[in-house]
Amino acid sequence: DAGEVTAGAGATLAAVQAAVRPAGWEVGVDLGARDSATIGGMVATNAGGVNVLRHGPMRQQLLGFEAVRADGSTLRRMPGMAKDNTGYDLGGLLAGSEGTLAVLTRVRLRLVPALVHRAVAVIGLADAAAVVALAGRLRRELGSVLALELFTDDGMGLVMRHAKVSAPFSARRPAYLLVEVGSDAGDPGEELAQALLKPDIDEDAVVMATDDAGRHRLWQLRERHTEAVNAEGVPHKLDVSVPIGRYAELVERAPSAVAAVGANARTICYGHVGDGNVHVNVLGPSPEDQATDDAVLELVLSLGGSVSAEHGIGVAKVDWLVRDRGADAVAAMRAIKEAWDPA
């Protein structure tokens, strides 16, 4: 009844979802990789996924935690409380720290009420700017919006070829918006359908589903991008974010930025248009071609963005930290690291 759950760090998101749904609850963060993504890893990278605009990333789901430091000592605040002002938010600090401060072993998560009624629509549009504009309007007009996802016709073509998924309609368009709405007070599909009855939206380029099978079929067009891109070769994968006002610009400019530093490159963009996160995938250049990554990250910083939206810094992006956050911020992070794990 509390709407909370304690999970081991190694539990997969899918397993936790299956455990809480019979009680009428949902995990606030959802990912296409739900069958393999672990709860501890999701907290450690502050994973976001598709519902960030409604529920926030993993940091906002975290109520309590248990973690082991490098010296063997255990930090524990379990089960954790929504109101707790007894010092620094150590759990919030661990979220997104990628294991550099301590290793999470258990977490206590807040849950969100499961929504009885859901609807998904895919709308074909002229370009990324039209996708961003429609996404913004739907957020303003519909309080039931759960997810807003962008993908392009180039990416959908890969999904159709490698995942054996059919196109949602015959009228192909350069860019697409997938929107999911949810409510426990009635069918949100009717409200969504009304919102899409506008002169600037071609009804031949709109498809909607309210049943489980139909929604799943439409979501595959977005969620299976990763495996479809991987089936084409070894991609350069850049997980970045920019202010919403620059989102379309990044999607439109990324291919030319990549082409400027190398030939035979194919750039596929998709992502979470509701929170500014773009997944830029580049096929063609060898995996060791650092110029490709640099070109994309330079463009992102020029647009006022972040070089890592939800996948963390890892090893590959360490050299970009000062460029992104500034020397003073990185010095502050280094001081925290020294205090927690000097070795």
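Sequence positions, counted from 1, serve as the residue numbers for this chain.
Side chains of Asp30 and Gln17: a donor on one and an acceptor on the other come within 3.5 Å. Side-chain contact check for Glu180 and Trp219: at least one donor-acceptor pair (N or O, by modelled atom type) lies under 3.5 Å.
Across Ala67 and Thr105, no two heavy atoms sit closer than the pair N-OG1, 4.0 Å. The nearest pair of heavy atoms linking Gly49 to Leu31 is CA-CD2, 3.3 Å. The heavy-atom pair separating Arg172 from Ala167 by the smallest distance is CD-CB, 4.4 Å. Smallest separation of non-hydrogen atoms from Val112 and Gly28: CG2-CA, 4.1 Å. Counting all heavy atoms, side chain and backbone alike, Gly304 lies closest to Pro243 at O-CD, 3.6 Å. The shortest heavy-atom contact between Val16 and Ala11 is CG2-CB, 4.0 Å.
Atom CG of Leu299 sits about 9.0 Å away from atom CZ of Arg246, to the nearest 0.5 Å. For the atom pair CD (Glu232) and NE2 (His162), the distance works out to 3.5 Å, reported to the nearest 0.5 Å. In this structure, CE in Met42 is found 12.5 Å from CG in Leu104, a value given to the nearest 0.5 Å. Here CG of Leu221 is found 7.5 Å from OG of Ser166. Values are rounded to the nearest 0.5 Å. Between Asp187 atom CG and Ser144 atom OG the span is 9.5 Å, to the nearest 0.5 Å. In this structure, CD in Gln220 is found 13.0 Å from CZ in Arg222, a value given to the nearest 0.5 Å.
Two different hydrophobic clusters hold Phe151 and Ile244 under the rule that ILVMFWY side chains link at heavy-atom gaps under 4.5 Å. If you chain together hydrophobic residues whose side chains sit under 4.5 Å apart, Val120 and Leu196 never meet in one group. Both Val132 and Ile123 are assigned to one and the same hydrophobic cluster, defined by single-linkage of ILVMFWY side chains at heavy-atom distances under 4.5 Å. Hydrophobic cluster membership differs between Leu115 and Leu142, with clusters built from Ile, Leu, Val, Met, Phe, Trp and Tyr side chains linked at under 4.5 angstrom. A continuous path of Ile, Leu, Val, Met, Phe, Trp and Tyr side chains, each step under 4.5 Å between heavy atoms, connects Val330 with Val307, placing both in one hydrophobic cluster.
No donor-acceptor pair closer than 3.5 Å links the side chain of Asn46 to the backbone N or O of Ala95. Between the side chain of Asn277 and the main chain of Val240, a donor-acceptor pair closer than 3.5 Å is present. Looking at Arg69, its side chain does come within 3.5 Å of a backbone N or O of Trp340 through a donor-acceptor pair. Between the side chain of Asp275 and the backbone N or O of Val52, no donor-acceptor pair lies under 3.5 Å. Checked by atom type and distance alone, the side chain of His236 pairs as donor or acceptor with a backbone atom of Ser286 at under 3.5 Å. Not a single donor-acceptor pair under 3.5 Å links the side chain of Arg54 to the backbone N or O of Ala147. Remark: side-chain polar atoms of Arg215 are paired, donor with acceptor, to backbone N or O of Thr210 under 3.5 angstrom.
Applying the 6.0 Å contact sphere to CG of Asp71 captures more than 12 heavy atoms from other residues, nucleotides or ligands. The local environment of CD in Glu252 is crowded, with over 12 non-hydrogen atoms from other residues, nucleotides or ligands closer than 6.0 Å.
By the 4.5 Å heavy-atom criterion applied to side chains, Val206 and Phe169 are not counted as neighbours. Within the 4.5 Å cutoff, side-chain heavy atoms of Ile39 are placed close to those of Leu13. Between Leu93 and Asp89, the closest side-chain pair of non-hydrogen atoms is not below 4.5 Å. Considering only heavy atoms from C-beta on, Leu134 stays 4.5 Å or farther from Val179 through its side chain. A heavy-atom distance below 4.5 Å is not found between the side chains of Thr152 and Pro174. Side chains of Leu62 and Leu109 form a contact here, defined as non-hydrogen atoms less than 4.5 Å apart. Side-chain atoms of Leu75 and Phe65, non-hydrogen and from C-beta on, do get closer than 4.5 Å to each other. By the 4.5 Å heavy-atom criterion applied to side chains, Leu94 and Val43 are not counted as neighbours.
The residue from Arg76, Arg77, Arg108 that alone fulfils the salt bridge (charged side-chain N to carboxylate O under 4.0 Å, His left out) condition with Glu66 is Arg76. Residue Arg173 forms a salt bridge (charged side-chain N to carboxylate O under 4.0 Å, His left out) with just one option from Asp154, Asp202, Asp153, and that option is Asp202.
Below 30°, between 30° and 60°, or above 60°: for His279 and His272 the angle between ring planes is above 60°, a perpendicular geometry.
Sorted by first and then second residue, the side chain to side chain donor-acceptor pair (under 3.5 Å) pairs involving residues 316-329 (not counting sequence neighbours) are Glu298-Arg323. Listed by first then second residue, pairs satisfying side chain to side chain donor-acceptor pair (under 3.5 Å) with a partner in residues 122-139 read Arg137-Glu141, not counting sequence neighbours.
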Review point. Checking side-chain contact (heavy atoms from CB on, under 4.5 Å) for the pair His225/Leu158: CA distance, chi angles, key distance, verdict?
Key: CA-CA 7 Å; His225 265 66; Leu158 293 182; over 6 Å; no
Practice item. Check the pair Leu101 / Asp341 against side-chain contact (heavy atoms from CB on, under 4.5 Å), numbers first and verdict last. Key: CA-CA 6 Å; Leu101 300 178; Asp341 181 19; 5.8 Å; no
Practice item. Any chance you could lay out the side-chain contact (heavy atoms from CB on, under 4.5 Å) test for Met78 and Thr6, step after step, and finish with the verdict? Key: CA-CA 9 Å; Met78 296 286 280; Thr6 297; 3.4 Å; yes
